[in-house]
Structures are given as structure tokens and as C-alpha cells.
Undergrad: 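Before we start, here is the structure in question, set down as C-alpha cells.
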Amino acid sequence: QVQLVESGGGLVQAGGSLKLSCTASGRTFSNYAMGWFRQAPGKEREFVARISKMGSSTLYAEPVKGRFTISRDNAKYTVYLQMTSLKPQDTAVYYCAADQSPISTMNARLYDFWGQGTQVTVSS
């Protein structure tokens, strides 16, 4: 089992920045690729970004490319999501997730463990 706890969410004005953190406990963090997903009210959960086990490769959803950056610190068992140039449509609950498979995927159903989420609200 891997336990994931997100932090760093909050209220920010459009154009602002936030940095989310997700800290893991349990099994060896570097055994898992990590992803960020988000879910807005009334919408399905959607992929945001993914980082490989050692951080050598990343994958981003089109709406966040160039604005969000995913990174990880395996020594701290933490994955980050730096969000810049935030837009009201970025408002959602953001979740981190762990995937034991090395095959890169945007499919939420293939991730093994999930955090509880952190709310991000962007005001216009």
C-alpha cells in the first residue's frame, strides 16, 4: 500500500501561481510513476501530468502544457505540481496518484493508489 497526501491548494486569482505537493508513505516511492489528475464539479476526472519513476520523462495534458510543471524528489517521497498562469477553468480538486507500471498512461483507471485531493480555486 501507498498512502498519498496532497497539499498546497487554495484560492488564487487568474494569472497567479500555486505549487501542489503530494507526499507518499508506505512502499518505496521510486517504484512508482506519479500522476496528477483533476476533477471539476459535474465533470469526469481528467489527466493533468505524469512523471516517470526516476523523473526522467514527463507527460502533460494539452490544456496545461507550458503552464504546469511536474517534478519529484524521491528522497523526500514527494511529487510536485507547479502551476502558473492559472485560469478559472483550472478550478478543480487535484489528486495525485501512483502507478507501478512503467508504461506511461493518462488513464486514471490504471493508477494503483490515490490521495484524497486538494481544492484549487481560480477566481476571474
Undergrad: Quick one: are Lys53 and Ser30 in side-chain contact, heavy atoms under 4.5 Å?
TA: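 Contact flag for Lys53/Ser30 side chains = no.
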Undergrad: Find out whether Met83 and Val120 are in side-chain contact, i.e. whether some heavy atom of one side chain is under 4.5 Å from a heavy atom of the other.
TA: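 Yes, side chains in contact.
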Undergrad: Look up atom OH in Tyr80 and atom OG in Ser7, then write down how far apart they are to the nearest 0.5 Å.
TA: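 Going from OH on Tyr80 over to OG on Ser7, the span is 9.0 Å.
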Undergrad: What's the separation between atom OG in Ser124 and atom CD in Gln13, rounded to the nearest 0.5 Å?
TA: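 The CD atom of Gln13 is 9.5 Å from OG of Ser124, to the nearest 0.5 Å.
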Undergrad: With a 4.5 Å limit on heavy-atom distance, are the side chains of Arg38 and Leu81 in contact?
TA: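 No, too far: nothing below the 4.5 Å cut-off.
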Undergrad: Kindly determine whether Asn74 and Tyr32 satisfy side-chain contact (heavy atoms from CB on, under 4.5 Å), including the steps that lead there.
TA: CA-CA 10 Å; Asn74 286 348; Tyr32 295 86; over 6 Å; no
Undergrad: Excluding sequence neighbours, so at least two apart, what forms salt bridge (charged side-chain N to carboxylate O under 4.0 Å, His left out) with Arg27?
TA: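 Salt bridge (charged side-chain N to carboxylate O under 4.0 Å, His left out) check on Arg27 returns nothing, list empty.
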Undergrad: Could you pull out the closest heavy-atom pair between Leu20 and Trp36, with the gap in Å?
TA: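 In terms of heavy atoms, the two residues are closest at CB-CH2, 3.7 Å.
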Undergrad: Of all heavy-atom pairs between Thr69 and Tyr60, which one has the smallest distance, and what is that distance?
TA: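 Between these two residues, the closest heavy atoms are CA-OH, 3.3 Å.
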Undergrad: Testing the basics here: between Gln82 and Thr84, what is the closest heavy-atom pair and its distance to 0.1 Å?
TA: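 Shortest heavy-atom separation between Gln82 and Thr84 comes out as NE2-CG2, 4.0 Å.
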Undergrad: First locate atom CG of Asn31, then atom CG of Asp112, and finally report the distance between them rounded to the nearest 0.5 Å.
TA: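 So the gap between those two atoms works out to 11.5 Å.
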Undergrad: Nearest 0.5 Å please: distance from the CZ atom of Arg50 over to the CE atom of Met34.
TA: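 If we round to the nearest 0.5 Å, Arg50:CZ and Met34:CE are 10.0 Å apart.
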Undergrad: Using every non-hydrogen atom in the two residues, find where Ser85 and Ser17 come nearest and quote the distance to one decimal.
TA: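 Shortest heavy-atom contact: N-OG, 4.4 Å.
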Undergrad: Does Ser52 reach the main-chain N or O of Ser57 with its side chain, forming a donor-acceptor pair under 3.5 Å?
TA: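 Side chain of Ser52 to backbone of Ser57: a pair is present.
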Undergrad: Taking the side chain as every heavy atom from C-beta outward, state whether Ser21 and Lys76 have any pair of such atoms under 4.5 Å apart.
TA: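 Ser21 does not reach Lys76 side chain to side chain.
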Undergrad: If you link ILVMFWY side chains whenever their heavy atoms are less than 4.5 Å apart, which other residues fall into the same cluster as Trp114? By chain and number, please.
TA: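 Answer for Trp114: Phe37, Phe47, Leu59, Val93, Tyr95, Met106, Tyr111.
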Undergrad: Measure the spacing between CD of Gln119 and OH of Tyr94 and express it to the nearest 0.5 Å.
TA: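 Gln119 CD to Tyr94 OH: 9.5 Å, rounded to 0.5 Å.
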Undergrad: Shortest non-hydrogen contact from Ile70 to Val79?
TA: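 Minimum heavy-atom separation between Ile70 and Val79: CG1-CG2, 3.9 Å.
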Undergrad: Hey, is the main chain of Gly26 close enough, under 3.5 Å, to the side chain of Gln1 for a donor-acceptor pair?
TA: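 Not confirmed, Gln1 side chain does not pair with Gly26 backbone.
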Undergrad: Roughly how far, to the nearest 0.5 Å, is the CG atom of Leu4 from the OG1 atom of Thr78?
TA: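 Here the interatomic distance stands at 10.5 Å.
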Undergrad: Would you say Thr91's side chain and Val122's backbone share a donor-acceptor pair under 3.5 angstrom?
TA: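 Side chain of Thr91 to backbone of Val122: a pair is present.
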Undergrad: Quick one: does any side-chain atom of Glu6 pair with a main-chain N or O of Gln116 as donor and acceptor, under 3.5 Å?
TA: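 Checking the backbone N and O of Gln116 against the side chain of Glu6, a donor-acceptor pair under 3.5 Å is found.
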